[in-house]
Amino acid sequence: MLLLALFTPLLPARGTERIPVGPPVVSPRAPVPGLAVGLELPRGTTLPGAPVPLILHVSNTASAPLVLSRTIQVSMTSPAGVTFVSDWGWDEFGRGEVETGKDEPVLLKGGSVDLVVPARDLTQASWALDRRMLAEPGAWTLQVYVFEEGKISEGPAAMSTPAKLVVETPRGPDEITWRAIQERDWTTALASVYPGRVESAYFPYLAVWYAHEDALRKAEVISEAVSRHPDSPVVPSLRFALAYYYAAAGVDAFYRERSIDKAVEHTERARAELLRAKQSGHAWASARADSRIAGLRTRAMWEATRRSLDKANARNQ
């Protein structure tokens, strides 16, 4: 329960998935006066299925305040000119969320704000995993719909400017990885890059799929992906995965081994990863890291928990 309170669970999604047809293309409702959205892609190329960050520059020049939902949709136009709303994975309307560091809407009282859809590892749903996009490498055009809080059912409040993304054709051994990702065969996808081909750009996207009951062993594989691919778009998100598993190891050490020293050691490793995320230069990561760090236990807190458990055990004897 402690970890659930600190982190979004990093549990791979399993089970049979439908082959999406995608939600229909939508049009913004009557334009919201003064609302403008620019879309920037820090990375203009990627491999099929490997998301890149989407940065939204949102401004409100109207005098009336505007409350933006964190909900978005990504409109995609294929190299062949076919436009559709990306299937996000598990939402029937193709909706995802921007990352703001806080789980709440965004209030714009004039001025501007930057919102981000970070690159996520492939255990998590993503606009880039739409099967139609996986099937057609080439030059794509992306646009993002934003919504007003409380008015999502009315349709998007605005659509962003377009941005180009080139989805490269995988070559050589990456073709095996690509086919496995298309089939959602994550075991084969991971085996195609780890441990024998960790130089693949797919490795950091797949590292969290490494299945092991030992949280430290999982963290070791993720850490290797980060160290070998420090410039991968997914690294900021992997820092949070590392923090999750180090924190999990700390909880395990405390409750199974009754070791405060090990609990503190692993918790501090989690804290170090969150600090690295905070220092990455990504505003969303800094805000999210602050909230995670605030939930980590100190040695004093572990010791207090130990005393409480000892008292409870003494009463029950």
Side-chain angles (χ1 to χ4, degrees), residues 36-59 68 70-79 86 88-89 96-102 106 111-130 133-134 137-146 158-170 174 181 199-208 222 225-242 273-290:
V37 184
L39 173 61
E40 177 190 351
L41 306 184
R43 296 288 186 105
T45 61
T46 192
L47 288 167
V52 297
L54 308 180
I55 299 179
L56 299 174
H57 305 288
V58 186
S59 62
L68 285 178
R70 294 176 64 239
T71 296
I72 63 166
Q73 289 179 314
V74 176
S75 172
M76 313 173 81
T77 301
S78 73
S86 173
W88 209 279
E97 290 187 340
V98 293
E99 178 67 70
T100 63
K102 299 179 180 179
V106 179
S112 62
V113 64
D114 288 347
L115 307 176
V116 181
V117 182
R120 302 292 194 187
D121 70 80
L122 294 183
T123 65
Q124 303 180 67
S126 165
W127 56 269
L129 278 172
D130 190 290
M133 189 174 190
L134 286 173
W140 288 75
T141 300
L142 274 56
Q143 290 183 275
V144 176
Y145 293 109
V146 299
M159 188 176 197
S160 77
T161 57
K164 296 292 184 182
L165 178 64
V166 175
V167 179
E168 299 175 333
T169 302
D174 274 342
I181 291 172
E199 74 280 359
S200 171
Y202 274 126
F203 177 40
Y205 286 94
L206 291 162
V208 183
I222 299 168
V226 169
S227 64
R228 289 183 177 273
H229 300 271
D231 296 325
S232 173
V234 79
V235 165
S237 291
L238 291 183
R239 296 279 186 207
F240 289 97
L242 279 171
E273 288 301 329
L274 292 172
L275 287 172
R276 292 186 182 102
K278 180 178 173 65
Q279 297 161 3
S280 68
H282 299 268
W284 72 268
S286 178
R288 183 64 67 183
D290 282 340

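What you see is a predicted model, and the numbers here were worked out from it, not measured in a lab.
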Self-check item: Over all atoms of both residues, closest heavy-atom pair of Met76 and Trp127
Solution: CE-CE3, 4.0 Å

Self-check item: Gap separating the CD atom of Glu97 from the CG atom of Leu115, nearest 0.5 angstrom
Solution: 11.5 Å

Practice problem: Evaluate the side-chain contact (heavy atoms from CB on, under 4.5 Å) criterion for residues Val144 and Val37: first the C-alpha distance (whole Å), next the side-chain angles of each, then the deciding distance (0.1 Å), finally the verdict. | Solution: CA-CA 8 Å; Val144 176; Val37 184; 5.7 Å; no

Quiz prompt | Short side-chain to backbone donor-acceptor contact, His229 and Ser200, under 3.5 Å | solution = yes

Quiz prompt | Closest non-hydrogen atom pair, Lys278 against Ala289 | solution = CB-CB, 3.9 Å

Self-check item: Closest contact, heavy atoms only, Ala207 versus Ala225
Solution: CB-CB, 3.7 Å

Quiz item: For Ala241 and Ile222, which heavy atoms make the closest approach, and how far apart are they?
Solution: CB-CD1, 4.2 Å

Quiz prompt | side-chain hydrogen bond (donor to acceptor under 3.5 Å, both in side chains) partners of Thr100, counting only residues at least two apart | solution = none

Practice problem: Just jot down the salt bridge (Lys or Arg N to Asp or Glu O under 4.0 Å) partners of Arg120, sequence neighbours excluded, or say none. | Solution: Glu99

Practice problem: Identify, with sequence neighbours excluded, every residue that meets side-chain contact (heavy atoms from CB on, under 4.5 Å) alongside Ala125. | Solution: Trp88, Trp90

Quiz item: Looking at residues at least two apart in the chain, or sitting in another chain, which of them share a side-chain contact (heavy atoms from CB on, under 4.5 Å) with Arg276?
Solution: Arg239, Ala272, Glu273

Quiz item: Taking only residues two or more places apart in sequence, or in another chain, which ones meet Thr161 in a side-chain contact (heavy atoms from CB on, under 4.5 Å)?
Solution: Leu39

Side chains of residues 43-58: which donor-acceptor pairs under 3.5 Å do they make with residues two or more places apart or in other chains?
{"residue": "Arg43", "atom": "NH2", "partner": "Asp231", "partner atom": "O", "Å": "2.1"}
{"residue": "Thr46", "atom": "OG1", "partner": "Ala50", "partner atom": "O", "Å": "2.5"}
{"residue": "His57", "atom": "ND1", "partner": "Asp114", "partner atom": "OD1", "Å": "2.7"}
{"residue": "His57", "atom": "NE2", "partner": "Glu40", "partner atom": "OE1", "Å": "2.8"}

Practice problem: Go through Tyr205 and Ile181 one step at a time and tell me if the side-chain contact (heavy atoms from CB on, under 4.5 Å) criterion holds. | Solution: CA-CA 11 Å; Tyr205 286 94; Ile181 291 172; over 6 Å; no

